[in-house]
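Just so you know, residue 1 is the first one in the sequence shown, and it goes up from there. Read the numbers this way: they start at 1 and go in the same order the structure lists the ligands and their atoms. Note that this is a predicted model, so its numbers are computed, not measured. Heavy-atom basis, side chains included; hydrogens, waters and symmetry copies ignored.
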Amino acid sequence: MNQREASWSPHSWHDHPIVQQPDYSDKQRLQKTLSELQKLPPLVGPDEVEHLKAHFAKAARGEAFILQGGDCGERFADCTREMIASKLRILKQMAIILCNRSHMPVVKVGRIAGQYAKPRSSPYEIIGGQSFAVYRGDFVNQEDADHDKRRADPERLKLGYFHAATTLNYMRWLAHCEPNSLQDHDRMLADDPSSPLAEIAAELSQSDEYERPSGAEPDFFTSHEGLLLPYEATQTRYVAGRNAWYNLGAHMLWIGDRTRDQGGAHIEYFRGIANPVGIKVGPGADPRDICLIMQRLNPDNVPGKTALITRYGSRQVQSQLSALLEAVQSARLQTVWLCDPMHGNTIKTSTGLKTRIFDDIVNEIHETIQVHRAAGSRMAGLHLELSGEKVTECVGGFTRLSAEQLATNYKTCCDPRLNSDQGLELALRVGQMLQPASMQLH
Ligand code: PEP
Ligand code: CO
């Protein structure tokens, strides 16, 4: 028996310091809710999780591209037929555009069916001169500026599980029984023939991606940040046939930039599960720490097991990513490299709205691709915050969305997302960057 089997359990993280957790006043109710959650059936299957791990390994070898995206924070109120379909629609369209240009299969992973908890920079916030407990996502409390609604309520963990189950059920039905219902391109594409999106209308309508899939593999995988460990522990099940523990609440989970402390509870929890695990890496992370984390999460150096999701911001990629690449390569650690061009590029407008500039996002991706190429590595995918709707949260793109227009349809409960036009334009731009011939032009 190795050391991991001897000392890890779905609850061993309790012995480690933990951050970013809500403070539940009624501990007994929390315990009761957790034991109910523990008895509910798993949301995904271990075979599906293994399929995704195999895709990650392929992506690391340069044989596939990973497109991970969705809301910053999902809301229970958005668990509707239309909102779920629009998230799948934009992911599917972007995947087709990327696949046609990169000549690689694109694996779609939603930030969906469980992305209900958010890490926050402060436990309190001031609204209208009053201090309130911060909103931590629908899994924990409610957005309204009301002291009662801001209280952490254990019942919401159960609501989260059921909303995830409902979302996933509809996703599976859409993908396997009604894939052509995702082909509603007219709703998405701008009427303007001079728009860069005009060129993709025919491409999308001719794609055979909208035929019913024949295999048993999911067309869309699910993922969320594994933040609330009491909940994640209830979704962690031993699979005897594989002699391994899996988190069966999602296919893939990631560890946020604020919760990946080496000795902390999150790393302890994640080292015991067989799912692919993402590690967010922001500016200032010490490459040696990241290597130690990777060794703890993946002691056998299994390809496809970890994804490093770098999110440095367009101005810092060059120096920070080169240093991390050097450390990971010299330690010979297996990983798939994803780029999150969103979280390092967040700014605030003069009216206090959080936004991101489309060109900063494109630039971070471009720089990331270049730095990888120079080091003999490759950016194997993207991690995006995006909406399938025409929201107005990020500035720029071909519609030249301005800072003044942001308030017209600003809907996010947390960070600003690309809208459907910006998502498609980004797919076109990145698709071009991934074409070997055009790479020479940059
Ligand atoms: C997120 O992905 O929404 C997030 C909070 O990211 P990070 O941990 O990279 O800040
Ligand atoms: Co976010």
(message) Can you tell me which portion of Pro119 lies within the under-4.0 Å heavy-atom range of ligand 1? Options are side chain, backbone, both, or neither.
(response) side chain
(message) For Tyr116 and Phe76, I'd like to know if the aromatic rings sit close, meaning centre-to-centre distance below 6.0 Å.
(response) yes
Tell me whether [X] has any N or O atom under 3.5 angstrom from an N or O of ligand 1.
| X | value |
| --- | --- |
| Glu385 | yes |
| Lys280 | yes |
| Glu225 | no |
| Asp340 | no |
| Lys118 | yes |

Just by distance, no angles: are the side chains of [X] and [Y] close enough, under 3.5 Å, to form a donor-acceptor pair?
| X | Y | value |
| --- | --- | --- |
| Glu364 | Asn345 | yes |
| Thr236 | Tyr269 | yes |
| Asp289 | Gln262 | no |
| His14 | Glu268 | no |
| Glu225 | His266 | no |

Ligand-residue contact atoms, ligand 1 with [X], heavy atoms, under 4.0 Å:
| X | value |
| --- | --- |
| Arg111 | 1 (C), 2 (O), 3 (O) |
| Gly256 | 8 (O) |
| Cys72 | 3 (O) |

(request) Consider ligand 1: state whether an atom of it lies below 4.0 angstrom from any non-hydrogen atom of Met342. (result) no
(message) Suppose we only count N/O/S atoms under 2.8 Å; would Cys414 qualify as near the Co ion (ligand 2)?
(response) no
(message) Given His343, Arg311, His383, identify the one with the heavy atom nearest to atom 9 (O) of ligand 1.
(response) Arg311
(request) Over all heavy atoms of both residues, which pair between Thr346 and Pro416 is shortest? Give the atoms and the distance, please. (result) CG2-CD, 4.5 Å
Could you tell me whether [X] and [Y] make a salt bridge, using a distance below 4.0 angstrom between a side-chain N and a carboxylate O?
| X | Y | answer |
| --- | --- | --- |
| Glu82 | Arg89 | yes |
| Arg120 | Glu125 | no |
| Lys411 | Glu389 | no |

(request) Restricting to N/O/S, name the atom of Glu385 that gets closest to the Co ion (ligand 2). (result) OE2
(message) Looking only at N, O or S atoms, which one in Asp415 sits nearest to the Co ion (ligand 2)?
(response) OD2
(request) Report the nearest protein non-hydrogen atom to atom 8 (O) of ligand 1: residue, atom name, distance rounded to 0.1 Å. (result) Asp257 N, 2.8 Å
(message) Angle at the Co ion (ligand 2), NE2 of His343 to SG of Cys72, rounded to 10 degrees, please.
(response) 170°
